[in-house]
Student: 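Would you mind keeping the following structure in view while I ask a few things?
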Amino acid sequence: MDSHLKWAEPVVRVQSLSESGATLLPPRYIKPPDQRPTAINHNDDFNIPIIDLSPTSDAKAIATAVSAACKEWGVFQAVNHGVSPDLLHRARKLWRAFFHLPMKSKEAYANSPKTYEGYGSRVGIEKDAILDWGDYFYLHYFPLCLKNHDKWLALPSSLREMVDEYGKAPELALGLSAHTDHGGITVLLPDEKVSGLQVRHKGEWATVRPVADALIVNVGDQVQVFVLIFSC
């Protein structure tokens with residue numbers, strides 16, 4: 001098999017490790033001290049901005065709030081964004097259903113370094129790298145020339161239709177270890193019950209407290225470069 005079609009070493013599914021009953025974290029998953037999550041920040045004033053995008057809100061005020069959030073934080077939570085709460089709830093439910101399928105069923109969608117599309121457990125192909133504690137499923141939705149339904153899920157039975165519907169409202173993006181997003185705009189659908197996302201701001205990590213049915217909007221490197229070029 002060509003080198004670009006396989007990973008540098010065997011892939012271990014994090015979910016399998018988590019469910020194995022092991023009491024110690026494998027060394028390959030232990031991050032250096034400066035890359036580990038910080039304690040949850042309980043300061044209500046130190047959190048990413050929450051912006052109401054309701055059509056009844058003042059458009060100029062919304063634009064001002066978005067501009068300030070992007071300049072000061074690079075990320076914000078959007079509420080009343082127009083995406084159906086029912087669709088968001090179905091997205092969470094069906095993706096949870098997929099990750100609770102037997103491993104054999106999920107492995108049918110295993111990805112490769114060629115496109116990263118499918119079921120994966122790492123980002124990158126560097127041998128002996130410290131690994132992320134998490135599995136993911138990566139799909140191309142846009143541009144349409146990259147959309148490949150062969151990588152889309154047939155199980156659970158309604159998941160493929162939900163992903164297509166969801167992709168027409170916000171694009172699906174999955175969180176990773178400390179990084180900046182290289183793209184333009186990332187829209188995250190967080191787990192409302194888990195405060196796992198942290199944002200670097202003024203030298204500190206702020207733990208995001210998800211608002212019910214909110215979408216987290218993150219400005220990527222491409223937008224930042226674009227703004228810097230045109231502000232010169």
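No hydrogens, no waters, no symmetry mates; every other heavy atom, side chains included, goes into these values.
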Student: Rounded at 0.5 Å granularity, tell me how far CD1 in Ile30 sits from CH2 in Trp133.
Tutor: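 CH2 of Trp133 is found 10.0 Å from CD1 of Ile30.
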Student: What's the spacing between Glu204 CD and Gln198 CD if we round to 0.5 Å?
Tutor: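 So the CD of Glu204 and the CD of Gln198 are separated by 11.0 Å.
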Student: Is a side-chain donor or acceptor of Asn111 paired with a backbone partner of Tyr116 at a separation under 3.5 angstrom?
Tutor: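 Yes; judged by distance alone, with no hydrogens or angles, the pair exists.
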Student: Picking from Asn218, Val217, Ile48, what satisfies side-chain contact (heavy atoms from CB on, under 4.5 Å) with Phe76?
Tutor: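 The option that passes is Val217.
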Student: Can you tell if the side chain of Leu197 reaches within under 4.5 Å of the side chain of Thr207, non-hydrogen atoms only?
Tutor: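 With C-beta onward as the side chain, the pair stays apart.
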Student: Which heavy atom of Ala69 sits nearest a heavy atom of Pro49, and at what distance?
Tutor: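 Heavy-atom minimum between the residues: CB-CG, 3.8 Å.
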Student: Is it true that Glu19 and Arg13 have a side-chain N and a carboxylate O under 4.0 angstrom from each other?
Tutor: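 No, no charged N to carboxylate O under 4.0 Å.
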Student: Check whether any side-chain N or O of Asp135 sits under 3.5 Å from a backbone N or O of Gln15 as a donor-acceptor pair, and report yes or no.
Tutor: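 Yes.
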Student: Group every Ile, Leu, Val, Met, Phe, Trp and Tyr by side-chain heavy-atom contacts under 4.5 Å, then state whether Leu25 and Ile130 land in the same group.
Tutor: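 Leu25 does not cluster with Ile130.
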Student: If you measure from the Lys or Arg side-chain nitrogens to the Asp or Glu carboxylate oxygens, is any gap between Lys31 and Asp132 under 4.0 Å?
Tutor: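 Answer for the salt bridge query: yes.
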Student: So, Glu72 and Lys202, do they make that salt bridge, N to O below 4.0 Å?
Tutor: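 Here Glu72 does not pair with Lys202 in a salt bridge, since their nearest N and O are not under 4.0 Å apart.
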Student: Out of curiosity, Asp52 CG to Asn80 CG, how far, rounded to the nearest 0.5 Å?
Tutor: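 Here the interatomic distance stands at 4.5 Å.
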Student: Hey, can you tell me if Tyr138 and His140 have their rings parallel, tilted or perpendicular (30° and 60° cut-offs)?
Tutor: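 Tyr138 and His140: perpendicular rings.
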Student: Checking the side chain of Thr64 only, and the main-chain atoms of Lys60 only, is there a donor and an acceptor separated by less than 3.5 Å?
Tutor: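 Here the side-chain-to-backbone pair exists.
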Student: Do His81 and Leu88 come within less than 4.5 Å of each other through their side chains, counting heavy atoms only?
Tutor: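 A side-chain contact exists here, since the closest heavy-atom pair is under 4.5 Å.
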Student: Could you tell me whether the side chain of Glu117 and the main chain of Tyr109 form a donor-acceptor pair under 3.5 Å?
Tutor: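 Not confirmed, Glu117 side chain does not pair with Tyr109 backbone.
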Student: Following the transitive rule for hydrophobic clusters with a side-chain heavy-atom cut-off under 4.5 Å over Ile, Leu, Val, Met, Phe, Trp and Tyr, establish whether Val211 and Leu87 coincide in one cluster.
Tutor: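 Different clusters: Val211 never reaches Leu87 through Ile, Leu, Val, Met, Phe, Trp or Tyr contacts under 4.5 Å.
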Student: Parallel, tilted or perpendicular: which fits the ring planes of Phe98 and Tyr119, with parallel below 30° and perpendicular above 60°?
Tutor: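 The rings of Phe98 and Tyr119 stand perpendicular, inter-plane angle above 60°.
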Student: Give me the atom names and distance for the closest heavy-atom approach of Ser16 to Met103.
Tutor: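 Closest approach of Ser16 to Met103, heavy atoms only: OG-CE, 3.0 Å.
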Student: Val187, Val66: one ILVMFWY side-chain cluster at the under-4.5 Å cut-off?
Tutor: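 Linked, Val187 and Val66 end up in one cluster.
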Student: If we only count heavy atoms from C-beta on, is the Arg28 to Glu9 side-chain gap below 4.5 Å?
Tutor: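 Contact flag for Arg28/Glu9 side chains = yes.
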Student: Report yes if the side chains of Tyr136 and Ser121 come closer than 4.5 Å at any heavy-atom pair, otherwise no.
Tutor: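 Sidechains of Ser121 and Tyr136: no contact.
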Student: Are any non-hydrogen side-chain atoms of Ile50 and Val79 less than 4.5 angstrom apart?
Tutor: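 Yes - at least one pair of side-chain heavy atoms lies under 4.5 Å apart.
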Student: Which atom pair, heavy atoms only, marks the closest approach of Pro26 to Leu17?
Tutor: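 Result for this residue pair: CG-CD1, 4.3 Å.
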Student: So, the side chain of Arg200 versus the backbone of Gly203: is there a donor-acceptor pair under 3.5 Å, distance only?
Tutor: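 At least one qualifying donor-acceptor pair exists.
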Student: Any side-chain heavy-atom pair from Ile216 and Val208 closer than 4.5 angstrom?
Tutor: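 Yes; the side chains approach each other to less than 4.5 Å.
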Student: Mind checking whether Leu189 and Leu215 have side chains closer than 4.5 Å, heavy atoms only?
Tutor: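 In contact.
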Student: May I ask you to check whether Asp213 and His89 show a side-chain donor-acceptor distance below 3.5 Å?
Tutor: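 Per modelled atom types, Asp213 and His89 side chains form a pair under 3.5 Å.
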Student: Applying a strict under-4.5 Å side-chain criterion to I, L, V, M, F, W and Y, I'd like to know whether Leu101 and Leu139 cluster together.
Tutor: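 Yes; tracing contacts between hydrophobic side chains, which count when under 4.5 Å, links both residues.
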Student: Verify side-chain contact (heavy atoms from CB on, under 4.5 Å) between Val12 and Tyr29, making sure each step is shown before the conclusion.
Tutor: CA-CA 11 Å; Val12 178; Tyr29 296 90; 4.0 Å; yes
Student: Of the non-hydrogen atoms in Asp191 and Arg92, which two are nearest, and what is the gap between them?
Tutor: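 Answer, listing the atom of Asp191 first, then Arg92: CA-NE, 4.2 Å.
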Student: Would you say the side chain of Lys71 lies within less than 4.5 Å of the side chain of Val219, judging by non-hydrogen atoms?
Tutor: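 A side-chain contact is absent here, since even the closest heavy-atom pair is not under 4.5 Å.
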